[in-house]
Every structure is written in structure tokens, then in C-alpha cells.
Amino acid sequence: MGKEYSFTVRDFDPVHIFECGQCFRWERRDDGSFAGIAGERPAEIYFEPSADDRYAGTLRVADRSNAPDDGGAFWYDYFDLGRDYGAIKKILADRDETIREAIRFGEGIRLLRQDRWEALVSFIISQNNNIPRIKKNIDGLSELFGEEAGTIGEKTYYCIPKPGKLASLTVEDLAPVRLGYRARYLIETGASIAENGLCYLDSHLCDLCGVGPKVANCISLFSMEKYDSFPIDTWVKQVMEKLYGITGKKEIEAFAEETFGEYGGFAQQYLFYYIRETSACGDKHLAH
DNA sequence: CGGCAGGCGGTTA
DNA sequence: TAACCGCCTGCC
């Protein structure tokens, strides 16, 4: 089943979007396009920039899922195309000389509106972990226990297993995925969500097993529209010290709140991408 | 080999 | 309630 959608977009760069740390299921291909899956929809993503603005142009999505044709509504929402990122960047840039510089590295960043369950599983897996292995873990988990979602070329894509499915597994079942101690977190969280539903996140996000402050902030920002969230990980600590000379989680939180306020989540993404782009370690990772 | 990678849970004082 | 420590795993 082929569904192709086309959108005219601004403030858009697929590399910035898919490599600013918010998602783990997309791969860059040799021609610059991306292939991956969002929720139950495998897709190919193409972007053709216009001649005068490399962050504006035509976004084309080839949806390879079995989902019914919705006229592109899913992808419009997923890429947050209803939001004026130019306006957000202007507000942040006017607020602070330093964030202005960081934004220049990630002009095309947009915050994807991800599925809650997908974000929950992804960021539990992400803890004390590195990006290549996070991707491997999510793919392995989905291939072994998730439902088939569609194919792109020779590759079959699988959904992240549903809460009830995870709840039915044992740590022995999950051993081949090499999740380490995170396996137990996924099983217990799967059981909680299977029992209480995803609305449980609204009030008890931090009660879930394997969800601490950092993971909760990521889920809030990337799937719950809490755009003032400011997840603090080792990279953000690094960039805050380097650019602002601020150390300590409490100090960073206070600074982010008073400086970026309701736009904290957007600022965090620009800063995260900036430090990844300008640090030797980030370059090494991108070379893979 | 120790250190570390997008932290968390559990224990201790 | 804050500080500390162990933890699966894979890669440097």
C-alpha cells in the first residue's frame, strides 16, 4: 500500500530533527533521505530545500504502513508542522546571546510529537546507555516481540511491543535483546500501563519503574507536549558548563526556567545539538 | 584494564 | 532528603 504526502515546510532539516537526540528509530541513507518508523508507520522521508533557504522547501513522506490514508494528518502532526519555529527561535535568540549561537547550528530542529508508549520505552532503555546501543536495543526488542508494521525495500519494520506483551515476558525472555538491568524496568512498566492505561502517565509518570527525573523529562517533552521540560543529561551538563559556566543540576534547572521559561524544551534541543556537533565525541559518533 | 555512555533504585546517615 | 553505590552491556 503506497501513501505519499507532500508538505511545504520552513525551519526544517531532517538531519537536525532526527539527530538532535529525541528519537532512535530513523536511519540516514546515502542519498540524504531517512528511513524509519514512527509508531506503527514505517516511512521514507525526503526533503528538497528551496534555492534561497536551505531550511525551507518540500517535505515528502512515503508512508509504507498498512494504516488507512488520512491525507497526511499523522505526519503533519508528527513533524509539528503547525508550529512556527521561526517565531520560537526569534524569542530565544532575543533572550540570550549564547542560545542565539547554539540555534545557528540547529536551525532546522523541530520537536517530534511522538507516541507516548514509544517514548516511554525508548527513554527507559536510554538510561546509562549510548545511542548506537539504544537503537540496537529498541530494534531488537521490536523484532523479537513487536508486531510487523510494513516493509521498506528488503527491510521489515516492527512496532515496539505493546504494554501487555512486555508484561507477559520474563527477564530470561528478554535476554537476547541485551537490555541489561533495564529489562526488568520494561516488564514492570509494561504491567503498570497494561493495567492502568496510558493516561497513567498524566499523573504517575515518575512512579513508573525505571523512570527517574531525566527520563520523565524526556517523555514529557517528546510525547506529552510539556514544552517547558528541560531534560538534563551528561551532554546538557557539558554544554551548560561550556557556554554558561553553570554547573550542578539545581543551578541548571533554575537558570533554564528563568532564562528560557516555557520554551525550555526547545532551548534544550538547540543546546544539545550544538554540543554534539562541536565536541570531538559527537563527531566520532556521527562518523559511524 | 578502568572509564564511560542521554540514570535509576535502593540503602545509608 | 541528600549522598552514595551497584548495575547490564559494549566500546574505547
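Letters A, B, ... are given to chains in the order of the sequence lines, protein chains preceding strands, and every chain is numbered from 1. Just so we're clear, the structure is a prediction, and the values are computed from it rather than from any experiment.
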Check: B/dG7 base within 3.5 Å donor-acceptor of A/K214 side chain: no
What pairs of nitrogen or oxygen atoms, one from the protein and one from nucleotides 10-13 of chain B, lie under 3.5 Å apart?
none

Which residues share a side-chain contact (heavy atoms from CB on, under 4.5 Å) with A/E251, sequence neighbours left out: A/I246
Sequence neighbours excluded, every pair satisfying side-chain hydrogen bond (donor to acceptor under 3.5 Å, both in side chains) that has a member inside residues 205-215 of chain A: A/H204-A/D207
Contacts of type side-chain contact (heavy atoms from CB on, under 4.5 Å), residue A/L174, not counting sequence neighbours: A/L141, A/F145, A/L169, A/V177, A/L179, A/A183, A/I187
Toward the 5' end of DNA chain B, by each residue's nearest nucleotide, A/C206 or A/I134: A/I134
Intra- and interstrand pairs of DNA chain B - dot-bracket, Watson-Crick/G-U under 3.5 Å, | marks other strand: .||||.|||||||
DNA chain B contacts among residues 161-172 of chain A, heavy-atom distance under 4.0 Å: none
Test of ring centre spacing under 6.0 Å for A/F79 and A/F7: no
Any residue meeting side-chain contact (heavy atoms from CB on, under 4.5 Å) with A/C206, in chain and number order, not counting sequence neighbours: A/A216
Identify all side-chain donor-acceptor contacts of residues 39-47 of chain A below 3.5 Å with residues at least two apart in sequence or on another chain.
from, atom 1, to, atom 2, distance (Å)
A/R41, NH1, A/D63, OD2, 2.7
A/E44, OE1, A/R29, NH1, 3.3
A/E44, OE1, A/R29, NH2, 2.8
A/E44, OE1, A/Y46, OH, 2.8
A/E44, OE2, A/R64, NE, 2.8
A/E44, OE2, A/R64, NH2, 2.9
A/Y46, OH, A/R29, NH2, 3.0

side-chain contact (heavy atoms from CB on, under 4.5 Å) partners of A/A38, counting only residues at least two apart: A/W26, A/F74, A/W75, A/Y78
Whichever hydrophobic residues join A/I37 through chains of side-chain contacts under 4.5 Å: A/I152, A/Y157
Audit row: A/F123, A/F24, ring pair (Phe, Tyr, Trp, His ring centres under 6.0 Å) steps and yes/no: CA-CA 10 Å; A/F123 285 95; A/F24 305 100; 5.3 Å; yes
Nucleotides 5-10 of chain C: which of its N/O atoms have a protein N/O under 3.5 Å away?
from, atom 1, to, atom 2, distance (Å)
C/dC8, O4', A/Y181, N, 3.2
C/dC8, O2, A/R133, NH2, 3.4
C/dC8, O2, A/R182, NH1, 2.8
C/dC8, N3, A/R182, NH2, 3.2
C/dC8, N4, A/N128, ND2, 3.3
C/dT9, O2, A/R133, NE, 3.3
C/dT9, O2, A/R133, NH2, 3.1
C/dG10, OP1, A/R178, NE, 3.3
C/dG10, OP2, A/R178, NH2, 3.3

B/dC8 and C/dC11, which share atom name P, separated by this distance in whole Å: 24 Å
Separation of A/L166 CG from A/T189 OG1 (nearest 0.5 Å): 9.0 Å
Electrostatic pair A/E253:A/K249 at N-O distance under 4.0 angstrom: yes
Salt-bridge criterion met for A/E97 and A/R100 (N-O under 4.0 Å): yes
Of residues 257-271 of chain A, the positions that come close to DNA chain C - non-hydrogen atoms, cut-off under 4.0 Å: none
